[in-house]
Amino acid sequence: MLRNQFGKMAMTTVAGAMLMAAAACGGNDTGSGGSTTASPGATSEAPKSSLKVGLAYDVGGRGDKSFNDSAYAGLERAGKELGAEIKDLSPAADGSNRGELLRQLADAGYNPIIGVGFAYGEDIKKAATEYPDIQFAVVDSASNAPNVTGLLFAEEQGSYLAGVAAAEKTKSNHLGFVGGVENDLIKKFQAGFEAGAKSVKSDIKIDVKYLTPDGDFSGFKAPDKGKITAEKMYQDGADIVYHASGDSGLGVFQAAAAAGKQAIGVDSDQYETVKEADLKKVIMTSMIKRVDNGVFEFIKAFQGGAKGGSNSVYDLKVDGVGLSTSGGFIDDVMPKVEEAKKKIIDGSVTVPTQP
């Protein structure tokens, strides 16, 4: 499990998540780019689980050490704890076959099916119309059909805490933010980070750069671009750079290591997911977005007979977002972080969602 300073998730009830699952049909189509796991302890002769869960990743797929891997952790947990048969599929590099992946899972008898990332919004809506007896969920996008559950996160709140920590730790009074794609979702990360940093030091300088424009999702899988962008920020005087760029964040970490500076990870506890020792030591903290718990709670609610058509929001009140403390790099500023967290939860601070 990912570690979170703020403790064990007290998750929201996934109100209105799904229809009661009918016994799924048999078969085990593993498909290309995916994997299937039978229920724990099952053999090739054993009956298949009646709970068959399919998950389609965003660009970058499993192995991004961030957003997609967090989703897989929730899926894998469902396989172990709920006895689900699970299957995950990765899209083409440009994400052009997202709808095809959803239909592939539906035709193979998977129910429910989860699309990881806001880019699945319209494809999920179409698939939900074509397969009205199947329940769907989409991460980072609102429900748009009676059989679709939106799994939403308050990224701006967790990013605010990252900004507070960075402003408390910076020695140059100069920070950086690297976004993967310049869209409204990633701007939430930027907005929160800037607001948090400026709440500590109003005159702090924050460089901002997006790797690709809105609609070009290659920015989430371009470590070379992430490295070049962060290198420039460090050269210009930033000593801490926060990235919200998926797999491209690896390049940010590489640039930090080369410059002898620090970086902030995203989505997962990247101190734990990145294996290279020289990169681990530059990851000051990570803004954790508990996609794993959102995915698991959705599946659990489906198994329990909940119905769909609404959203579940994971914010600071339920520790749906937060900061990791792995490595102990921000232990000295955690009182300030906790103070900021309290103000957001009690409503005395409202975090912006746009820069």
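Count residues from 1 along the sequence. What's counted below: heavy atoms across the whole structure, side chains too, no hydrogens, waters or symmetry copies.
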Next item on the list: Look at the side chain of Tyr110 and the backbone N and O of Ile86, then say whether any donor-acceptor pair between them is shorter than 3.5 Å.
Entry: no
Notebook entry, point to check: Between Phe217 and Phe220, what is the ring plane arrangement, given parallel below 30°, perpendicular above 60°, and tilted in between?
Noted result: parallel
Notebook entry, point to check: Using a distance-only test with no angle check, is there a side-chain donor-acceptor pair under 3.5 angstrom linking Asp107 and Tyr131?
Noted result: yes
Check: Quick one: does Asn144's side chain have a donor or acceptor within less than 3.5 Å of a partner on Gly121's backbone?
Finding: yes
Check: Mind checking whether Val139 and Leu55 sit in one hydrophobic cluster, side chains of I, L, V, M, F, W, Y counted as touching below 4.5 Å?
Finding: yes
Check: Counting only heavy atoms not in Lys201, do more than 12 fall under 6.0 Å of its NZ?
Finding: yes
Note to self: Main chain of Tyr57, side chain of Ser90: is a donor-acceptor contact present, judged purely on distance under 3.5 Å?
What the structure shows: no
Margin query: Around atom NZ of Lys209, are there more than 12 heavy atoms from other residues, nucleotides or ligands closer than 6.0 Å?
Written below: no
Check: What do you reckon, are the aromatic ring centroids of Tyr271 and Phe253 less than 6.0 Å apart?
Finding: no
Margin query: Does this structure show an ion pair linking Asp123 with Arg103, if we count only N-O contacts that are shorter than 4.0 Å?
Written below: no
Notebook entry, point to check: Sub-3.5 Å donor-acceptor pair from the side chain of Asn293 to the main-chain atoms of Gly74, do we have one?
Noted result: no
Margin query: Quick check against the 3.5 Å criterion: does Ser172 have a side-chain atom that pairs as donor or acceptor with the backbone of Gly237?
Written below: yes
Check: Heavy-atom distance under 4.5 Å between the side chains of Ile330 and Leu323, does that happen here?
Finding: yes
Notebook entry, point to check: Are a donor atom and an acceptor atom from the side chains of Ser96 and Asp94 found within less than 3.5 Å of each other?
Noted result: yes
Check: Is the shortest side-chain N to carboxylate O distance from Asp267 to Lys65 below 4.0 Å?
Finding: no
Margin query: Check this for me, if you would: do Asp64 and Lys221 make a salt bridge, where the nitrogen-to-carboxylate-oxygen distance has to be below 4.0 angstrom?
Written below: no
Checklist line | CD on Gln354 to NZ on Lys187, rounded to 0.5 Å | finding: 6.0 Å
Check: Is the closest side-chain heavy-atom distance between Phe136 and Phe298 below 4.5 Å?
Finding: no
Notebook entry, point to check: Do Leu175 and Lys169 touch side chain to side chain, with heavy atoms closer than 4.5 Å?
Noted result: no
Next item on the list: Validate the cation-pi geometry between Arg290 and Tyr314: distance from NZ or CZ to the six-membered ring centre under 6.0 Å, angle to the ring axis within 45°.
Entry: no
Checklist line | Lys342/Glu338 salt bridge by N-O under 4.0 Å criterion | finding: no
Next item on the list: Please determine, by modelled atom types, if Glu194 and Gln190 share a side-chain donor-acceptor pair under 3.5 angstrom.
Entry: yes
Notebook entry, point to check: Short question: side chain of Asn183, backbone of Ile186 - any donor-acceptor pair under 3.5 Å?
Noted result: yes
Next item on the list: Examine the side chains of Ser143 and Asn311 and answer whether a donor and an acceptor come within less than 3.5 Å of each other.
Entry: no
Check: Does any non-hydrogen side-chain atom of Ile204 lie less than 4.5 Å from one of His174?
Finding: no
Margin query: Strictly distance-based, threshold 3.5 Å: is any side-chain N or O of Thr285 a donor or acceptor partner for the main-chain N or O of Ser324?
Written below: yes
Notebook entry, point to check: Between the side chain of Asn111 and the main-chain N/O of Gln135, is any donor-acceptor distance below 3.5 Å?
Noted result: yes
Next item on the list: Could you tell me whether a side-chain N or O of Ser66 sits under 3.5 Å from a main-chain N or O of Val266, the two making a donor and an acceptor?
Entry: yes
Notebook entry, point to check: Is it true that a side-chain atom of Asn147 and a backbone atom of Ile134 form a donor plus acceptor pair closer than 3.5 Å?
Noted result: yes
Notebook entry, point to check: Which residue pairs pass the side-chain hydrogen bond (donor to acceptor under 3.5 Å, both in side chains) test when at least one of the two sits in residues 152-162, sequence neighbours left out?
Noted result: Glu155-Lys188, Glu155-Lys289, Ser159-Tyr242, Tyr160-Ser199
